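Everything quoted here is computed from the prediction, not taken from an experiment.
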Amino acid sequence: MPARRDPAFNRRLLSALVLGPLALGLLTYGDLPFTAWVAAFAAAMAWEWIQMSDPDAPPLAYAIACATASGSVLLAGQAEISDAVFWGAAGTLASAIERWRRGWSIEVVGVLYVSLSAALLAAMRAGPDHGLKSVVLLFAIVWAADSFAYLVGTWAGGPKLLPQASPNKTWSGFVAGLAAGLLAGLGAGVMFGLDKLPVAIFALVVATASVGGDLSMSIFKRSFHVKDSGTLIPGHGGVLDRVDALMLAVIVAVITERFLPLGWAAS
């Protein structure tokens, strides 16, 4: 049914069928292959961000942004998260200095956003106790929320969620996404033996953050007067178009777990 309303549906599905198993395989293996995969995605994300926010940027701006993002991921996955944060902050400062020479712009903060979100994902997977399970829980919530929000919103339609940011997102899709994220989180939580109430709260918070990440990227793209962040992934556009929901979700997930124990110790 979504294919009747969205001509890109078939291409989206094909991209998911190709990238999904590859991502899950690398996630399961972990270690350097997964870190390198995330680092490559982070570099592509940083490239797209500069391309959107600063069309006249010189090659140096792209080099700084890509090195900052990929370096942060490699340090987070193979060394310490503190090293990754330092590298990301230093790279963002370098981006700011380079941009200031041509006229200051707040868009350089996007380099830090890309670097931090990707680095936290690598650090989460590298966790010695339950790294794989943590990322599986996160992915289950975000993928369910994102997929069902798209499917139900496309099929059911209805009142727009935030038309000034994204004319295609609806309240029906938002509610369906939250419900799907909650159920997926609870399902993963039961599978891992986690506490049900904290996991339910965690799932709702992360699912909401995934919607916020999607909307915030839509707002950025509108302010930059672009429809898609790139053309790398058929049916989606760029890498940022594919992972925008995950970017904010992983940051919020890490912060939430600091204050809301899910019961990993007992699992």
For this session: Answer yes or no: is there a donor N or O on one side and an acceptor on the other, between the side chain of Ser147 and the main chain of Ala144, under 3.5 Å?
Result: no

Exercise. Same cluster or not: are Leu24 and Met124 linked, directly or through other Ile, Leu, Val, Met, Phe, Trp or Tyr residues, by side-chain heavy atoms under 4.5 angstrom apart?
Worked result: yes

Exercise. Closest approach of Ala84 and Ser72, non-hydrogen atoms and distance?
Worked result: CB-O, 3.2 Å

For this session: Could you tell me whether Asp56 and Arg102 make a salt bridge, using a distance below 4.0 angstrom between a side-chain N and a carboxylate O?
Result: no

Exercise. Taking side chain as C-beta onward, heavy atoms only, is Tyr113 less than 4.5 Å from Trp49?
Worked result: no

Seminar exercise, completed: Here the gap from Lys169 atom NZ to Lys160 atom NZ, rounded to the nearest 0.5 Å, amounts to 10.5 Å

Exercise. Does any non-hydrogen side-chain atom of Ile255 lie less than 4.5 Å from one of Phe259?
Worked result: yes

Seminar exercise, completed: In this structure, CG of Leu262 is separated from CZ of Phe192 (nearest 0.5 Å) by 11.5 Å

For this session: Give the other cluster members for Leu75, using side-chain heavy-atom distances under 4.5 Å between Ile, Leu, Val, Met, Phe, Trp and Tyr residues; answer none if it is isolated.
Result: Trp87

Exercise. Honestly curious: do Val114 and Leu60 fall in one hydrophobic cluster under the side-chain, below-4.5 Å linking rule?
Worked result: no

Seminar exercise, completed: Shortest non-hydrogen pair, Lys221 vs Lys227, comes out as NZ-O, 3.5 Å

Exercise. Out of curiosity, does Leu74 fall in the hydrophobic cluster containing Phe86 (side-chain heavy atoms, cut-off under 4.5 Å, transitive links)?
Worked result: no

Problem set entry | Separation between CG of Leu137 and CG of Leu194, rounded to the nearest 0.5 Å | 6.5 Å

Problem set entry | Pairs meeting criterion side chain to side chain donor-acceptor pair (under 3.5 Å) with involvement of residues 19-44, two or more places apart | Thr35-Gln78

Seminar exercise, completed: Closest heavy-atom pair, Ala126 versus Ala76, reported as atoms and distance to 0.1 Å, is CB-O, 4.4 Å

For this session: Any chance you could measure Ser216, atom OG, to Asp244, atom CG, to the nearest 0.5 Å?
Result: 7.5 Å

Problem set entry | Residues Val142, Val206; criterion side-chain contact (heavy atoms from CB on, under 4.5 Å); working and verdict | CA-CA 7 Å; Val142 174; Val206 171; 4.0 Å; yes

Problem set entry | CZ on Phe202 to CG on Leu260, rounded to 0.5 Å | 8.0 Å

Exercise. Are Pro198 and Asp195 side-chain neighbours, meaning at least one heavy-atom pair lies under 4.5 Å?
Worked result: yes

With a cut-off of 3.5 Å and sequence neighbours excluded, list every side-chain donor-acceptor pair involving residues 172-183.
residue : atom : partner : partner atom : Å
Ser172  : OG   : Gly157  : O            : 2.7
Ser172  : OG   : Thr170  : OG1          : 2.9

Exercise. Got a second to check how far Lys133's NZ is from Trp264's CH2, nearest 0.5 Å?
Worked result: 7.0 Å

Seminar exercise, completed: For Ala43 and Cys66 the tightest heavy-atom approach is O-SG, 3.4 Å

Exercise. Which pair of non-hydrogen atoms, one from Ser117 and one from Val250, has the smallest distance, and what is that distance?
Worked result: O-CG1, 3.4 Å

Problem set entry | Ile64 with Leu116, same ILVMFWY side-chain cluster at under 4.5 Å | no

Exercise. Does a salt bridge link Arg242 with Asp228, judged by any charged N lying under 4.0 Å from a carboxylate O?
Worked result: no

Exercise. Can you check side-chain contact (heavy atoms from CB on, under 4.5 Å) on Ser210 and Asp146, steps first, answer last?
Worked result: CA-CA 7 Å; Ser210 73; Asp146 196 33; 5.7 Å; no

For this session: Step by step, work out the side-chain contact (heavy atoms from CB on, under 4.5 Å) result for Leu121 and Leu138.
Result: CA-CA 10 Å; Leu121 180 61; Leu138 173 68; 4.2 Å; yes

For this session: In sequence, state the C-alpha distance, the side-chain angles, and the governing distance for Asp241 and Ser229, and then conclude on side-chain hydrogen bond (donor to acceptor under 3.5 Å, both in side chains).
Result: CA-CA 6 Å; Asp241 296 313; Ser229 65; 3.0 Å; yes

Problem set entry | Flag side-chain contact, heavy atom, 4.5 Å: Thr208 against Val252 | no

For this session: Check whether any side-chain N or O of Glu48 sits under 3.5 Å from a backbone N or O of Leu240 as a donor-acceptor pair, and report yes or no.
Result: yes

Problem set entry | Pair Trp143 and Phe148, ring centroids less than 6.0 Å apart | no

Problem set entry | Nearest heavy-atom neighbours spanning Thr68 and Gly88 | CG2-O, 3.6 Å

Exercise. If two hydrophobic side chains count as joined below 4.5 Å and joins carry through other members, does Tyr62 share a cluster with Leu93?
Worked result: no

Exercise. Hey, are the side chains of Val211 and Leu161 touching, using non-hydrogen atoms and a 4.5 Å cut-off?
Worked result: yes

